[in-house]
Amino acid sequence: MTKTAVKNRSVKCSSWSDRIFGAAVMILSIMIFLIIAYPLWFVVIASISNSNLVNLGKVTFWPKDIRFYGYEQILQDARIWKGYANTILYVVAGTALNMVITMPAAYALSRKDFKARNGVMFYFVFTMFFSGGLVPTYMTVSALHLISTRTILVVFVAINTYNLIIARTFIQNSIPDDLYEAAVLDGCSHFTYFMKVVLPLSKAVISVLILYYAVFHWNDYFNALIYNSKQDNAPLQIVLRDILLLNQAFASGNGGVQGGYGQSSADQVKYAVIIVSTLPILCVYPFIQKYFEKGVMIGAVKG
Amino acid sequence: MGKNRETGETGLNAGERMKRYWAHNWQLWLMLLPGIIYIFVFCYVPMYGVQLAFRDYSFTSGITGGKWEGFKYFRQYFESPMFIPTLRNTFIIALTSIVVGFPAPIILAMIINQIRNTKWKKIVQTTVYIPYFISVVVLVSMINILFANDSGVVGNFLKAIHLVGQDINILGKESAFVPLYVLTGVWQSMGWNSIIFIAALSSVDTQLYDACKIDGANRWQTMWNIDFPAILPTIMILLILNMGNILNVGFDKVFLMQNSLNLGASQVISTYVYTVGIKSSQFSFGAAVGLFNTAINFVFLLLTNYLSKKATGTGLM
């Protein structure tokens, strides 16, 4: 009898504390949600509200005095469209080159009967931890006469060692060796086996790597800053920096590039620029979400 | 296997063995070739060019042709007034990032794991991943707009709740730079970094939860005694990896957040290399400072690896 009494009490007791716990989880998750989501939402509503009201702090949750002045300005701004076109070129060409180099290398490194693989792997991995540094790399690029060319912006970081490891691990772990042996019996070479068997079976990792590389190229700003000084070749992120940051009251260094916008509406233009430049990624986001979760998982199982 | 290879190879001379090796492997080498060449040109050639740090740069004779100067440029950096500030700023930013930034995704993952309403859980997860895809330029401009001196949302909010009397210039304060840098970093990458912990939590054996319930544990106790130990190995491995990368303070964000008012806290080694090495073309000096940074990183990596091997038996090398 006493036993059941104790048990009942503990169940009751735990359900009480569990209810508090559940409430705490709910409150915390709502807070986190707001902290992450509100700045994003604010940029959206500020981009279509009257800038003066925004600056006075009158726009909080819903847009007020809706106008599209910022977007109209952007539509007329040739810099942004030029940057967009350049970025799309770098994303498409760069990612294609990345994949063409990474996948075959990953396959070769996944073959356990390939005796040189550990040595070659070390050759790649070593560069993750040791590098010549910025200045010698710059001098090398300069010696190749690639400064301020489109080529360097497509070619630079043509293979990322971390992504190479992800692809190698995936091929090694999820494509059974039996397939290779059967293919060899049928007289398959490495090339045909790679094209006919490995690539079709690696769709998951291929989509993950395309996503990683494409996001890298889309957001890449560093390489364009260092290796390019031609306005004609500037990708979107450089144009964004000119418009968004160098227009600041205390611009660092280069002495503000006046975008030609009136000061009162300058902020609305900035909000609109942020939306326009981030929109493509946010649009594909729902479709790619399941892939990048998968990618993180493949990467976690280091081989 | 070893025996097999031996019997297969006895009786063949070196030339024939070589032929066989190539017949079997030339395609693999060909597949590796583009990657090997790329890495050679853009990683190993610059490593060879690191000797620039020990030489005078001369335009006519190239990277390796200048006069050998030994440690002159290193001494110049150590004796310069920028040595202590850049080193200190780099360390402060790196350490704060790890202390604040490392636990955040773990806590987030445990909270998300405890949400019972599946729909809400999905919404929270989807939202917290989004900031990861925002570019650094956009992130920094969002910071500049939201924290702006006179019109920023944050300033307005603080005024509205009477926490501050008048406008505060958050962006121009040296002391505000590190918190701003670290917290916005957490905001951006917390969700992304939590994915791996969420996955580890979802693979916990459900029988353990049932057993815990029978023992009368509440949800808080279950979380501490089941969930946390379950992800502890993942936490340790990621901690080692992070520690090995400690001084790789990202150039982009620091550089973009710099302004003349916060430079005292925001000049780190990598931005200094850019300023002296590329912008003012002191190539040898820049190369020396860069090499110094790489060397510290490498020492840190070896040290962490050694310690973790001793303590947990796992290491990278």
Side-chain angles (χ1 to χ4, degrees), chain A residues 10 14 17-18 21 25 28-29 32-33 36-37 39-40 42-43 55 57 101 104-105 107-108 111 114 120 124 127 129-140 158-159 189-191 215 219 221-222 226 237 240-241 244-245 248 250 252 267 270 274 277-278 281 285 289 293 296-297 300, chain B residues 25 27-28 31-32 34-35 38-39 43 45-47 49-50 52 63 108 111 114-116 124 126-128 130-131 133-138 140-142 144-146 151 153 156 187 195-196 199 216 218-220 251-252 256 258-261 273-274 277-278 283 286-287 290-291 294 298 301:
Chain A
S10 84
S14 76
S17 60
D18 279 358
F21 184 80
V25 165
L28 280 173
S29 62
I32 292 170
F33 175 78
I36 304 278
L40 302 170
F42 180 79
V43 173
N55 288 348
I101 293 185
Y107 167 73
R111 296 264 24 114
F114 180 50
V120 178
F124 282 108
T127 61
F129 301 113
F130 204 87
S131 74
L134 180 62
V135 175
T137 311
Y138 179 86
M139 305 298 282
T140 310
I159 183 166
S189 67
H190 282 298
F191 284 159
V215 170
N219 286 341
Y221 144 82
F222 178 75
I226 306 284
Q237 298 300 330
L240 289 181
R241 175 178 175 242
L244 292 170
L245 295 172
Q248 272 310 110
F250 33 74
S252 57
D267 281 343
K270 285 183 184 175
I274 291 178
S277 66
T278 317
I281 286 184
Y285 176 72
Q289 193 188 343
E293 282 179 17
V296 171
M297 288 323 294
Chain B
N25 287 319
Q27 292 188 329
L28 291 178
M31 290 165 113
L32 280 168
Y38 175 83
I39 292 284
C43 297
V45 170
M47 270 184 225
V50 127
L52 183 62
I63 301 176
L108 176 68
I111 290 173
Q114 289 292 339
I115 298 174
R116 289 294 147 91
V124 174
T126 309
T127 314
V128 295
I130 292 177
F133 292 97
I134 294 175
S135 77
V136 191
V137 179
V138 168
V140 174
S141 54
M142 277 174 70
N144 282 355
I145 294 173
L146 297 177
S151 59
V153 177
N156 283 334
W187 180 82
I195 295 177
I196 191 165
N218 61 29
R219 279 172 71 185
W220 174 255
F251 168 89
D252 300 28
L256 289 170
Q258 274 179 353
N259 57 54
S260 50
L261 295 175
V273 171
Y274 172 73
I278 304 287
F283 293 119
L291 182 59
T294 310
F298 209 60
L301 180 83

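The structure presented is a predicted model; accordingly, all values stated were derived computationally and were not measured. Proteins get letters first, then strands, A, B, ... in listed order; numbering begins at 1 in each.
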Considering all heavy atoms, the nearest A37(A)-T127(B) contact = CB-CG2, 3.8 Å

Sorted by chain and residue number, the ring pair (Phe, Tyr, Trp, His ring centres under 6.0 Å) partners of F130(A) (sequence neighbours excluded) come out as F126(A), F298(B)

Within a strict 4.5 Å, meaning less than it, do heavy atoms of the Y221(A) and L256(B) side chains meet?
-> yes

Gap separating the CZ atom of R111(A) from the CD atom of Q27(B), nearest 0.5 angstrom = 12.0 Å

Backbone N/O of R219(B) and side chain of D18(A): donor-acceptor pair under 3.5 Å = yes

Highest number of heavy-atom pairs under 4.5 Å with chain A among I39(B), V138(B), N25(B) belongs to I39(B)

Region of I32(A) that comes under 4.5 Å of a non-hydrogen atom in chain B | side chain

Hey, does K270(A) have a side-chain heavy atom less than 4.5 Å from the side chain of S141(B)?
-> no

When the 4.5 angstrom heavy-atom criterion is applied to T278(A) and chain B, the contacting part is side chain

Closest contact, heavy atoms only, S131(A) versus M47(B) = C-CG, 4.1 Å

Separation of I130(B) CD1 from I36(A) CD1 (nearest 0.5 Å) | 9.5 Å

Of the non-hydrogen atoms in V135(A) and G277(B), which two are nearest, and what is the gap between them?
-> CG2-CA, 3.9 Å

Parallel, tilted or perpendicular: ring planes of F283(B) versus Y138(A), cut at 30 and 60 degrees | parallel

Over all atoms of both residues, closest heavy-atom pair of T140(A) and P46(B) = OG1-CG, 3.6 Å

Portion of S277(A) that has a non-hydrogen atom of chain B nearer than 4.5 angstrom = side chain

V128(B) versus chain A, the contacting section by heavy-atom distance below 4.5 Å = both

Any idea which heavy atoms bring I111(B) and V25(A) closest together, and the distance?
-> O-CG1, 3.9 Å

Measuring heavy-atom distances to chain B, does V43(A) have an atom under 4.5 Å in its side chain, in its backbone, in both, or in neither?
-> side chain

Give the intermediate values and the outcome of side chain to side chain contact (heavy atoms under 4.5 Å, CB included) for residues F42(A) and L146(B).
-> CA-CA 9 Å; F42(A) 180 79; L146(B) 297 177; 3.5 Å; yes

Rounding to 0.5 Å, atoms OG1 (T127(A)) and OH (Y38(B)) come to a distance of 9.5 Å

Taking side chain as C-beta onward, heavy atoms only, is V136(B) less than 4.5 Å from Q237(A)?
-> no

Residues L52(B) and M139(A): closest non-hydrogen pair is CD2-CG, 4.0 Å

Option in T137(A), L28(A), L240(A) with maximal non-hydrogen atom pairs under 4.5 Å from chain B = T137(A)

Could you have a look at F124(A), F191(A), F33(A) and say which one has the most heavy-atom pairs with chain B under 4.5 angstrom?
-> F191(A)

